[in-house]
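Reviewing the structure listed below.
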Amino acid sequence: MYQGKNLTEVLTELNQRQKAKRDFLVPAADLRLEKGGQAIVMRGSAHQTEGGYTASRLFHSQLAEKTGIPMKYYTRMQAEQPDLLMENVNTWLDGMDSRFMVRCFVQPDTNAAQSDRAVRSARALLSDRYHRIDDLDVASTALSVFAGQGNYEVVSSNVSEEHMHLKIVNNALEAEVRPGDYVQAGVVISNSEVGCGAVSVRPFVVRLVCSNGMCADEFSTRKAHVGRIARTLENSYELYSDETLEAMDKAFMLTLRDTALAAIEEARFMQIVGKLRESAEARITGRVQDVVELAGKNWDLTRSEQDSILQYLIEGGDLSLYGLSNAVTRASQDADNYDRATQLEGIGWQAASMPSDLWRTING
């Protein structure tokens with residue numbers, strides 16, 4: 001299982017981010033890309049600052065999407081013709097009759113001589129219907145469900161620019177897939193504050209013989225970040241909390257608690273174990289390299305990922321659908337980052353629960 005940051009590090013970072021968050025609702029025509037295509041400025045706003053807000057990599061990709069500029073061309077202009085990039089982006093923004101939610105961080109500049117200096121960054125460009133459900137609220141709610149219960153353990157966690165993940169197992173709930181091959185029940189709770197995914201609660205299993213993790217996406221519960229059109233205080237672009245949305249969030253957090261418990265209950269876990277047992281009986285009869293390549297194309301795996309899966313499948317010596325699934329989850333530990341590793345853990349479940357018609361096609 002891919003290890004990110006420990007839980008203390010994650011919670012510390014989430015608390016720091018919570019204090020630094022600033023959210024704005026801005027007409028498209030009041031947004032300007034400036035400073036050589038590196039910063040976003042909110043014109044006509046009390047929050048317009050010298051130098052604007054430095055745009056993150058994700059912000060740039062969302063800005064390219066909103067203005068209809070292909071990302072490859074956007075990146076080339078940014079590197080070679082920044083003035084052309086600004087002209088293109090600002091022209092398209094001027095012509096839009098819409099508003100965007102701009103999610104930002106404002107943090108003290110620890111490298112500055114003056115204590116009142118701040119680092120301002122624009123982290124996401126979102127729809128005005130984007131419903132803010134923040135990582136700290138999700139994490140606090142999820143962890144409170146299992147607090148004080150010794151059989152539950154956070155075995156992996158991480159927070160990145162795009163996602164937060166908590167992976168929790170129940171050490172008291174395990175079952176055999178095959179004699180001596182035990183898996184343990186768990187749950188993955190994930191969120192994205194910046195438009196890269198819904199709040200999700202997914203059953204999770206850990207194979208004890210090798211500590212591979214697998215996200216059972218088929219049994220997941222999700223809540224998209226979509227709500228009513230956001231509104232600001234009069235004469236301001238800044239977004240504050242909304243009492244109606246707060247009431248909705250409290251109701252959702254109660255649902256999140258119930259869903260997290262349901263995801264890790266014995267009946268759900270045994271359904272997953274049943275699927276894994278079936279996959280252990282599905283033998284690979286085709287040429288192994290071809291099976292991996294066809295599966296990789298189906299799941300949009302890179303060539304490097306396919307090579308790793310093939311290596312671990314052969315080394316494991318288990319030429320079954322279950323063996324292929326375990327090779328995928330083992331390869332997840334070699335991923336470049338935690339988010340991709342978690343995606344591969346979900347693909348591991350897709351392998352184990354592959355529809356029979358697809359398996360016949362891939363298996364030759």
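From a predicted model like this one, the values you see are computed outputs, not experimental measurements. Below, each value reflects all heavy atoms present in this structure, side chains not excepted, and no hydrogens, waters or symmetry copies.
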Using 30° and 60° as the class limits, which term best fits the ring planes of Y338 and Y2: parallel, tilted or perpendicular?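 Ring orientation, 0 to 90° scale: perpendicular.
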Distance-only side-chain donor-acceptor flag, [X] / [Y], under 3.5 Å:
X: N212; Y: E345; value: no
X: D339; Y: H163; value: yes
X: Q18; Y: K21; value: yes
X: R257; Y: T141; value: no
X: K167; Y: T342; value: yes
X: R202; Y: S190; value: yes
X: N171; Y: N151; value: no
X: Q311; Y: E315; value: yes

Examine distances only and state if a side-chain atom of [X] and a backbone atom of [Y] form a donor-acceptor pair shorter than 3.5 Å.
X: Q149; Y: V145; value: yes
X: R360; Y: P355; value: no
X: D181; Y: V177; value: no
X: N363; Y: R283; value: yes
X: N170; Y: A185; value: no
X: S211; Y: R207; value: no
X: E9; Y: N6; value: yes
X: S121; Y: R123; value: no
X: Q62; Y: L125; value: yes

Treating Ile, Leu, Val, Met, Phe, Trp and Tyr as nodes and any side-chain heavy-atom pair under 4.5 angstrom as an edge, say whether [X] and [Y] lie in one connected cluster.
X: Y53; Y: L85; answer: yes
X: L143; Y: V155; answer: no
X: W349; Y: Y322; answer: yes
X: M214; Y: M1; answer: no
X: M164; Y: L256; answer: yes

Closest heavy-atom pair and its distance - [X], [Y]:
X: G213; Y: T329; answer: O-CG2, 3.2 Å
X: F269; Y: V183; answer: CZ-O, 3.5 Å
X: I189; Y: A142; answer: CD1-CB, 3.4 Å
X: E176; Y: V273; answer: O-CG1, 3.9 Å
X: V187; Y: A260; answer: CG2-O, 4.2 Å
X: G4; Y: S156; answer: N-OG, 4.2 Å

Validation row: [X], [Y] side chains within 4.5 angstrom (heavy atoms):
X: F100; Y: L126; answer: no
X: L208; Y: Q184; answer: yes
X: Y152; Y: I264; answer: yes
X: E305; Y: R340; answer: yes
X: Q38; Y: Q78; answer: yes

Is there a side-chain contact (heavy atoms from CB on, under 4.5 Å) between M77 and I69 once you walk through the steps? CA-CA 11 Å; M77 286 191 290; I69 301 173; 3.9 Å; yes
I'd like to know whether L166 forms a side-chain contact (heavy atoms from CB on, under 4.5 Å) with L7, so could you lay out the CA-CA distance, the side-chain angles of the two residues, the decisive distance to 0.1 Å, and finally the verdict. CA-CA 8 Å; L166 298 175; L7 184 59; 3.9 Å; yes
Are [X] and [Y] ion-paired here, with the side-chain N under 4.0 Å from a carboxylate O?
X: R103; Y: D134; value: yes
X: K5; Y: E13; value: yes
X: K297; Y: E293; value: yes
X: R178; Y: D318; value: yes
X: D94; Y: R32; value: yes
X: R57; Y: E162; value: yes

Contact list for residues 54-97, test ring-ring contact (aromatic ring centres under 6.0 Å, His included), sequence neighbours left out: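 Applying ring-ring contact (aromatic ring centres under 6.0 Å, His included) to every pair that reaches into residues 54-97, excluding sequence neighbours, yields H60-Y74.
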To the nearest 0.5 Å, how far apart are [atom1] in [X] and [atom2] in [Y]?
X: N326; Y: L276; atom1: CG; atom2: CG; value: 8.0 Å
X: C104; Y: F24; atom1: SG; atom2: CZ; value: 5.0 Å
X: K275; Y: S325; atom1: NZ; atom2: OG; value: 12.5 Å

For I362, which fellow cluster members are found when Ile, Leu, Val, Met, Phe, Trp and Tyr are connected by side-chain heavy-atom distances below 4.5 angstrom, either directly or through intermediates?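 Other cluster members: I284, V288, V291, V292, L294, W299, L301, I309, L310, L313, I314, L319, L321, L324, V328, L344, I347, M354, L358, W359.
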Any residue meeting ring-ring contact (aromatic ring centres under 6.0 Å, His included) with Y312, in chain and number order, not counting sequence neighbours: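 Checked Y312 against ring-ring contact (aromatic ring centres under 6.0 Å, His included); zero matches.
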Against T8, only a single residue in L11, V10, T12 fulfils side-chain contact (heavy atoms from CB on, under 4.5 Å); can you say which?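 It is T12, the one option of L11, V10, T12 that forms the side-chain contact (heavy atoms from CB on, under 4.5 Å) with T8.
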Neighbour count above 12 (heavy atom, 6.0 Å) for E266 CD: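 No.
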Above 12 or not: heavy atoms from other molecules or residues under 6.0 Å from CG of D97?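 It does not: D97 CG has 12 such atoms or fewer within range.
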Please determine whether side-chain contact (heavy atoms from CB on, under 4.5 Å) holds for the pair R132 and M101, giving the CA-CA distance in whole Å, both sets of side-chain angles, and the decisive distance to 0.1 Å. CA-CA 10 Å; R132 294 172 294 172; M101 183 182 295; 3.9 Å; yes
